[in-house]
Trainee: 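Dumping the structure here so I can ask a few things about it.
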Amino acid sequence: VSQGLSAFNLAGPRSREILSGLTDLDCSNDAFSYLDGKRAHVAGVPCLLLRIGFVGELGYELHCPAACAEHLWDVILEAGQRHDIRPFGLEPQRVLRLQKLHILVGQDTDAESNPLEAAMPWIVKLDKEEDFIGRWALESVSERGAENKLVGFTISNGAVPSEGAAVVADGRPVGRVTSSRFSPLLKRTIGMAWVPAALGEDGASITLADEGRRLSAQVQTAPFYDPDQERLRG
Amino acid sequence: MSFEFLAPDAAVALDGRRPPLRSPIEWVHRRDGATFDKLAGWRVVTGYGDTGKEAAACRDSVGVADVSSLGKLELQAEPDVLASIVARFAGAAVAPGRAALTDGVWWCPVTAGRVLALCEPEHTAGLRGQLEAAAADASFASVHELTTAFGSNIVAGPLARETFARTTALDLRPDRFPEAAFAPVSVARTPGMILRQAGDRYLHLFGAGFALYTWTVFIDAAEHLGGRAVGAEALRASQPTELEAHA
């Protein structure tokens with residue numbers, strides 16, 4: 001049914017106020033909390049609402065029948081005018097999600113990645129009784145320990161390495177950059193890279209080899225923006 | 001779990017404004033000077049400014065009309081369960097490759113375990129309710145609201161078959177693809193379905209994401225044959241479908 005549904009991401013600190021004006025749904029933090037899902041009419045349009053925050057701000061995904069999408073889009077923009085709402089595209093999303101170290105599956109991970117090394121150990125519940133696909137592989141990784149880690153990095157001189165640039169140590173490639181952007185908000189380059197576990201600690205220096213240049217970067221494992229999730233969960 | 005958010009007919013008025021339901025390529029029709037009428041909440045193209053020429057295209061060459069407002073509901077179940085439910089509604093069993101038209105609803109067999117029910121937009125909600133009730137009484141049966149998942153065009157006129165011949169390998173000659181014949185098939189290299197509704201009138205279903213591409217391909221093919229885009233008025237004037245006749 002993918003082609004039958006349209007989806008919008010209404011994101012930003014004013015998103016709750018805008019949404020509340022268009023629906024009878026109680027959008028307060030208590031009634032509609034982070035990671036919750038609801039079904040309601042928004043501007044008269046039947047919607048599935050998901051409170052998720054890929055871009056790192058308070059936000060809602062609105063999924064609705066595609067036939068109603070143009071109406072819903074127009075109404076949201078109209079209602080948001082006094083809040084200085086504006087459409088945003090893929091590139092801002094890429095920068096914003098990177099500030100939060102939210103991974104893009106398939107870009108920051110590949111078929112050989114696992115959640116324990118990809119900075120998502122919280123998603124794996126090895127202590128539950130039920131079996132699940134991949135359990136054996138994850139238990140093996142857990143027992144042997146991480147060999148590599150997916151981490152964030154920053155570069156202070158404004159250079160932006162190519163996505164795919166090598167992480168090098170002692171002249172040898174030991175990892176790769178998966179995402180990189182300059183953050184106008186943070187005024188520095190931020191990115192994500194796979195590095196050997198020994199280099200995957202806060203403050204560690206790593207060297208990136210990119211099109212004949214060497215770039216020095218510092219590892220950061222916590223999100224660059226709103227690390228305590230206050231904006232996301234507020 | 002309610003899947004109301006898949007159903008465009010579930011839209012309601014807010015502050016006196018009921019969300020208009022739009023074809024995935026309504027902006028193309030607006031660009032091309034279409035006029036619209038409302039039908040069960042849908043904005044349906046009535047014409048592009050010259051109903052006479054549009055009717056002539058349907059009569060003498062080929063007309064292509066966007067009928068994406070058609071209700072599209074898929075019933076899934078084990079073959080014997082499905083056959084039983086469809087027989088109850090359609091009054092007859094549908095056979096592979098052959099659709100059935102009963103009380104304004106086309107019952108189109110996609111596979112042994114899937115039947116697509118097509119109806120006029122004003123009947124979609126009612127039919128969905130009836131099918132959901134029937135599915136609830138059966139084991140492992142389900143109803144899927146696909147109205148906006150598929151775009152749909154009617155290709156009508158003596159050169160309709162010639163128009164399709166430029167986009168699909170399916171043999172549409174009357175002896176091979178008679179009235180009420182139905183086939184899931186590749187059209188313009190995208191997955192689609194074709195239903196022969198009447199003599200020179202075919203319904204083409206395709207993924208809504210391909211609506212602009214499909215429209216462009218068919219209008220291009222039709223125009224090379226002297227045809228054109230047509231609205232509901234010309235379509236109605238040229239040859240009422242059995243579906244319309246039953247409505």
Side-chain angles (χ1 to χ4, degrees), chain A residues 1-10 15-27 31-32 35-52 59-82 85 87 90, chain B residues 1-27 30 39-44 66 68-74 76 121 124-125 142-152 190-192 205-214:
Chain A
V1 296
S2 294
Q3 298 178 74
L5 284 172
S6 290
F8 306 122
N9 185 2
L10 179 61
S15 56
R16 178 182 289 128
E17 197 174 341
I18 295 170
L19 181 61
S20 295
L22 298 173
T23 180
D24 293 333
L25 181 70
D26 182 352
C27 297
F32 193 0
L35 297 183
D36 203 353
K38 302 282 186 185
R39 287 179 291 276
H41 280 80
V42 179
V45 174
C47 289
L48 170 68
L49 297 96
L50 306 175
R51 191 178 154 194
I52 52 183
Y60 305 86
E61 273 191 13
L62 280 62
H63 299 257
C64 71
C68 305
E70 187 175 325
H71 169 81
L72 186 55
W73 175 264
D74 289 343
V75 171
I76 289 173
L77 287 186
E78 184 182 322
Q81 268 187 350
R82 65 189 179 90
I85 196 173
L90 193 58
Chain B
M1 178 176 178
S2 167
F3 289 98
E4 189 182 47
F5 61 89
L6 285 167
D9 54 71
V12 298
L14 182 71
D15 297 333
R17 299 166 67 186
R18 188 172 192 270
L21 308 180
R22 294 181 160 102
S23 150
I25 54 165
E26 193 204 83
W27 65 274
R30 288 199 300 257
L39 177 61
W42 284 84
R43 282 165 53 85
V44 176
D66 179 355
S68 293
S69 57
L70 278 181
K72 309 166 194 87
L73 305 166
E74 186 172 281
Q76 295 185 7
T124 308
S142 57
V143 180
H144 302 259
E145 167 56 71
L146 298 179
T147 297
T148 57
F150 289 113
S152 45
T190 61
L205 297 159
F206 44 85
F210 293 112
L212 177 60
Y213 165 74
T214 303

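Basis for what follows: all heavy atoms, side chains included, without hydrogens, waters or symmetry-related copies. All of these numbers come straight from a predicted model, not from anything done at the bench. Reminder, nothing fancy here: chain letters follow the sequence lines and each chain counts from 1.
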Trainee: Taking every heavy-atom pair that is under 4.5 Å apart, which of A/V45, A/V75, A/L5 has the most such pairs with chain B?
Mentor: A/L5
Trainee: B/F210 versus chain A, heavy atoms under 4.5 Å apart: side chain, backbone, both or neither?
Mentor: both
Trainee: For residues 7-14 of chain B, please give each side-chain donor-acceptor pair under 3.5 Å, one per line with the distance, not counting sequence neighbours.
Mentor:
from, atom 1, to, atom 2, distance (Å)
B/D9, OD1, B/R128, NH2, 2.7
B/D9, OD2, B/R128, NH1, 2.9
B/D9, OD2, B/R128, NH2, 3.4

Trainee: Could you tell me which of B/P24, B/A208, B/S69, B/S68 has the largest number of non-hydrogen atom pairs under 4.5 Å with chain A?
Mentor: B/A208
Trainee: Of the non-hydrogen atoms in A/H71 and B/P19, which two are nearest, and what is the gap between them?
Mentor: CD2-CB, 3.4 Å
Trainee: Look up atom NE2 in A/H41 and atom CD in B/E4, then write down how far apart they are to the nearest 0.5 Å.
Mentor: 4.5 Å
Trainee: Taking side chain as everything from C-beta outward and backbone as N, CA, C, O, which of these in B/L6 sits under 4.5 Å from a heavy atom of chain A? Side chain, backbone, both or neither.
Mentor: both
Trainee: Do any of residues 61-70 of chain A come closer than 4.5 Å to chain B, heavy atom to heavy atom, and if so which ones, in number order?
Mentor: A/H63, A/C64, A/P65, A/A66, A/A67, A/C68, A/E70
Trainee: Side chain, backbone, both or neither: which part of B/W27 has a heavy atom under 4.5 Å from chain A?
Mentor: neither
